Amino acid sequence: MGGRSCGEEGQIERRRLATNVFACCHRGASFLGCLTLMQLWSRYFIPTLKESPADAEIASHRLLVRAGLVRKLGGGLYTYLPLGLRVMQKLSRICREEMERSGAIELQMPHIHPAEFWADGPRWGPVREIMFRADSAGDGKRGPREPEFVLGPTHEEVITPLVKHEITSYRDLPKSFFQIGTKFRNEIRPRYGLMRAREFVMMDAYSFDADDDGAVRSYLAMKAAYEAFFRRIGAEAVSVEADTGVMGGSFSHEFMIPAEVGDDDLLYNEESGYSANREKARSALVPADHVDLPAAGALEEFPTPGIVTIAALEAPPYGVPADRQFKTLVYIGDGRPFAIVLRGCDELEEAKLGSLGFGLVRPATPEEIEPVLGAKPGSLGAVRGTLRNPSALVGIYADHAIRLVGNGTTGANRDGVHLRNVNVMRDLEIKEFGDFRRVRAGEPDPIGGRPLKMRRGIEVGHIFKLGTKYSERIDAGYTDDKKERHLFVMGCYGIGISRTLQALIEQSHDNDGIIWPWAVAPFQVLVCLLDPQDPQAAEIARRIAAAAERAGADVLIDDRAERPGVKFKDSDLIGVPLRVTVGGRGIKEGVVEMKWRGAPETLKIALDESEALIEAAVRSKA
RNA sequence: CGGGGUGUAGCUUAGCCUGGUAGAGCGCCUGGUUUGGGACCAGGAGGUCGCAGGUUCGAAUCCUGUCGCCCCGACCA
């Protein structure tokens with residue numbers, strides 16, 4: 001046994017020896033006398049907290065700190081303590097395995113990027129605000145020989161030039177690359193611990209294909225790898241159709257871990273299998289066979305002094321229900337105004353304006369609206385002939401749902417005047433119908449018409465089919481077998497590893513602490529030694545720990561000179577899946593106790609069977 | 001960046017309104033009694049009250065500025 005050399009330890013060691021027979025060992029390795037990775041709690045570093053830090057709002061954030069996984073350095077900046085790092089490493093390893101299984105190849109790109117890689121790119125505008133600058137001058141004022149740098153928020157702008165230079169033939173396609181590493185984004189508002197941090201760990205991947213079919217295959221392979229990853233780490237993640245946002249690209253899925261604290265709404269129906277995030281969600285509110293109502297009468301103006309809201313027009317004396325009103329909104333797309341018509345009861349989903357193809361879209365100001373339509377917001381409408389300067393508009397777009405209104409009420413484009421008996425097809429000047437409204441829970445899903453449900457979720461992964469947006473920009477392509485040149489068809493993919501860590505806690509905890517899924521637990525077995533000063537108990541604990549380790553578990557031995565209550569509380573808090581309690585009381589009965597975290601009952605197992613049973617228990621999980 | 005809040009010991013905080021020697025619990029150290037779900041007793045260490053100005057005989061407390069942090073909004077893995 002390795003403990004024999006303990007006489008060489010200092011005075012403190014001898015003092016501790018009095019209460020802990022493991023105390024002379026630097027770590028588990030020495031008392032087993034062979035190579036082992038198990039840790040002794042008394043020698044490890046797990047600073048648990050009884051109370052929550054004041055700045056932690058949500059359960060997972062509190063538990064991250066209380067269980068000793070992380071400590072905050074500053075807003076959105078966290079140190080991963082040993083326990084947190086162990087989970088991160090397990091998540092990374094599983095992610096790596098699934099990515100490699102899908103055919104992707106690991107590499108590593110710099111975190112510091114020369115700014116010119118971004119300055120010419122398609123995303124410099126929208127992405128610039130969240131990038132940290134890393135000028136070599138350090139003060140933002142660079143000298144003539146000091147280039148500008150940024151800290152990488154993602155790596156499309158780096159990998160595309162690389163692949164452009166290194167891959168020139170169709171014979172080398174397809175290729176997918178990935179890396180797992182730190183990303184930097186100067187979030188406007190970091191919050192919820194690791195959930196939205198300034199520095200975070202992400203797996204990012206990029207696929208390059210010869211044509212669109214290949215890109216779809218790469219995309220689907222990646223989707224399968226994601227599903228395998230989330231399954232293996234014990235997360236209940238769902239994939240939803242998503243908006244492509246600033247990334248651009250043609251289609252995309254988000255992977256969500258459902259949780260109340262998520263900042264995304266998803267709409268879904270389990271029976272039909274439809275699921276989408278709110279920005280993208282569609283509904284079958286307007287049936288395919290919908291027939292518009294015939295016009296009910298002639299257009300008629302009526303005075304509405306001071307009435308500028310949907311709600312005011314609903315109230316007496318007007319009494320026009322919101323779903324019988326038309327709401328006309330004006331936006332500026334790439335500098336030119338356009339209008340959107342919705343039902344009064346609907347909300348615009350701004351993300352859906354992306355389908356109109358503008359680069360930059362923002363709401364128009366009243367000053368911009370009045371010269372074009374003829375009135376201020378509150379009395380706007382899209383009735384043919386009422387607009388002051390219709391040629392200034394790019395067009396008037398309408399949500400499909402306004403066809404359900406039939407004859408309704410809308411602004412007359414004169415302040416304080418509205419029109420009634422407005423018939424969609426007869427009276428409105430619509431350039432194009434589209435899907436612009438925000439879908440609500442309860443509406444029929446677009447597949448089978450079943451009611452959509454809504455819940456919140458945490459976005460932990462995102463996959464995009466990018467197309468040729470980036471390759472076109474820098475002319476990155478290859479030569480085919482007919483000596484013709486084509487652009488790479490790209491995809492890009494990301495999994496927030498550190499965010500997933502916290503989302504797992506959010507998804508799996510109780511009042512006592514974290515409940516780790518087996519595959520990612522920092523330690524899978526905790527041998528809770530209640531009497532570390534008792535050589536017989538310590539010997540039993542050591543054998544059980546060794547058996548668990550043989551079976552493939554990561555083992556922690558709680559050998560601290562603490563009272564049992566403290567050890568049990570800490571054990572529950574850090575969420576180790578399997579706890580084995582070894583104490584004098586049990587030993588007298590000839591048993592040790594086995595308890596699965598999250599299960600209510602404690603199992604007593606006979607001492608002489610304990611090693612075999614623990615080994616079997618571990619193997620059943622691995 | 002807009003709105004709101006907050007800063008007192010390692011952590012959680014009282015005191016601030018109504019200025020007058022900075023208090024508690026947890027944790028930590030020492031001794032003792034305990035020992036199967038966050039023990040008890042006794043003793044002890046630890047705070048220039050975020051920072052800088054101002055008002056005042058006197059400021060944790062009132063005023064101004066500034067910085068950090070937290071929450072709500074837009075954005076994201």
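Just so we're on the same page: letters track the sequence lines, and every chain starts at 1. Nothing here was measured: the structure is a model prediction, and the numbers come from that model.
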Atom pairs under 3.5 Å, N or O on each side, protein against nucleotides 22-24 of chain B: can you list them with distances?
none

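- Side chains of A:Y219 and A:S207: no donor on one and acceptor on the other come within 3.5 Å.
- Look at NZ on A:K569: it is 6 Å from C1' on B:G37, rounded to the nearest Å.
- Taking a pair to require two hydrogen-bonding distances under 3.5 Å in either a Watson-Crick or a G-U wobble arrangement, B:U6 pairs with B:G68.
- To the nearest whole angstrom, the two P atoms, one in B:U48 and one in B:A9, are 9 Å apart.
- Rounded to whole Å, atom P of B:G38 lies 11 Å from atom CG of A:D512.
- Look at the C1' atom in both B:A74 and B:G2: the space between them is 10 Å, to the nearest Å.
- When both distances must be under 3.5 Å, the Watson-Crick or G-U wobble mate of B:G25 is B:C11.
- The side chain of A:K50 has B:G27 as its nearest neighbour among B:C69, B:C71, B:G27.
- Counting heavy atoms from C-beta outward, A:R231 and A:Y226 have side chains that stay 4.5 Å or more apart.
- Of the candidate nucleotides B:C69, B:A77, B:C72, B:A77 has the atom lying nearest to any side-chain atom of A:E187.
- Looking only at distances, no side-chain donor or acceptor of A:R438 sits under 3.5 Å from a matching main-chain atom of A:L348.
- At a threshold of 4.5 Å between non-hydrogen side-chain atoms, the residues A:K465 and A:S252 do not count as touching.
- Across all strands, A:D572 comes closer than 4.0 Å to base atoms (heavy-atom distances).
- Picking from B:C72, B:U13, B:G37 the nucleotide with the shortest atom distance to the side chain of A:A54 gives B:U13.
- Rounded to whole Å, atom P of B:U12 lies 10 Å from atom NZ of A:K72.
- The six-membered or imidazole ring of A:F178 lies away from that of A:Y206, with a centre-to-centre distance of 6.0 Å or more.
- For A:D570 (side chain) and A:L573 (main-chain N/O), no donor-acceptor pair under 3.5 Å exists by modelled atom type.
- One P atom belongs to B:C40, the other to B:G25, and the distance between them is 11 Å to the nearest Å.
- For the C1' atoms, the distance linking B:U12 with B:G47 amounts to 15 Å, nearest Å.
- Among B:C71, B:A77, B:G38, the nucleotide with an atom closest to any side-chain atom of A:E57 is B:C71.
- Between the C1' atom of B:C72 and the CE atom of A:M195 lies a distance of 17 Å, rounded to the nearest Å.
- At B:A77, none of the side-chain N or O atoms of A:R196 fall inside 4.0 Å of OP1 or OP2 (strictly under the cut-off).
- Closest approach of A:V150 to A:A115, counting heavy atoms only: CG1-CB, 4.3 Å.
- For B:A77, the base is stacked against the aromatic ring of A:F200, per a cut-off of 5.5 Å between centres and 30° between planes.
- Neither OP1 nor OP2 of B:A74 sits under 4.0 Å from any side-chain N or O of A:R189.
- Residue side chain A:R560 does not reach the base of B:G38 through any donor-acceptor N/O pair under 3.5 Å, judged by distance alone.
- Taking 3.5 Å as the limit, the base of B:C76 and the side chain of A:R499 contain a donor-acceptor pair of atoms between them.
- Closest to the side chain of A:R191, from the set B:A77, B:G73, B:C69, is B:G73.
- Across all strands, A:A197 comes closer than 4.0 Å to base atoms (heavy-atom distances).
- Across the protein-nucleic acid pair, A:I497 atom CD1 and B:C76 atom P stand 20 Å apart, rounded to whole Å.
- Taking a pair to require two hydrogen-bonding distances under 3.5 Å in either a Watson-Crick or a G-U wobble arrangement, B:U56 remains unpaired.
- One can place CG of A:L81 at 14 Å from C1' of B:G10, the figure rounded to the nearest angstrom.
- Spacing between B:C1 and B:C62 at atom C1', rounded to whole Å, works out to 31 Å.
- When each of A:T581 and A:P190 is assigned the nucleotide of RNA chain B bearing its nearest heavy atom, the one mapping closer to the 5' terminus is A:T581.
- Between the CZ atom of A:F255 and the P atom of B:A77 there is a distance of 14 Å, given to the nearest Å.
- A donor-acceptor contact closer than 3.5 angstrom links the side chains of A:Q179 and A:D204.
- Considering only side-chain N and O atoms, A:R185 lies nowhere under 4.0 angstrom from the phosphate OP1 or OP2 of B:C76.
- Taking the P atoms as reference points, B:C69 lies 14 Å from B:U8, given to the whole Å.
- No contact: A:R71 has no heavy atom under 4.0 Å from any strand.
- With B:G37, B:U34, B:G25 as the candidates, the nucleotide lying closest to the side chain of A:E51 is B:G25.
- Within the shown strands, B:U33 is the pairing partner of B:A39 under the Watson-Crick or G-U definition, both distances less than 3.5 Å.
- Residues A:Q502 and A:H61 are in side-chain contact: their nearest non-hydrogen atoms beyond the backbone lie under 4.5 Å apart.
- Both A:E459 and A:P53 lie close to RNA chain B; mapped to their nearest nucleotides by heavy-atom distance, the more 5′-ward contact belongs to A:P53.
- The same atom, P, is picked in B:G20 and in B:A60; the two are 9 Å apart, to the nearest Å.
- Taking only side-chain nitrogens and oxygens, A:Y192 comes nearer than 4.0 Å to OP1 or OP2 of B:C72.
- Computed from coordinates, the A:L73 CG to B:G68 C1' distance equals 12 Å when rounded to whole Å.
- Residue-level contact check: A:S498 touches neither bases nor backbone, having no heavy atom under 4.0 Å from any strand.
- Partner assigned to B:U61 is none, using Watson-Crick or G-U wobble distances below 3.5 angstrom.
- If you check every strand for non-hydrogen atoms under 4.0 Å, A:V566 touches a base.
- When the P atom is used for both B:U30 and B:A22, the distance is 29 Å, rounded to whole Å.
- Base-pair partner of B:C1: B:G73 (Watson-Crick or G-U wobble, both distances under 3.5 Å).
- For A:H462 and A:F464, the ring centers are positioned less than 6.0 Å apart.
- Among the heavy atoms of the strands lying under 4.0 Å from A:G461 are primed sugar atoms or P, OP1, OP2 only; no base atom is included.
- Side-chain N or O atoms of A:R198 include none that pairs as donor or acceptor with a backbone N or O of A:F184 at under 3.5 Å.
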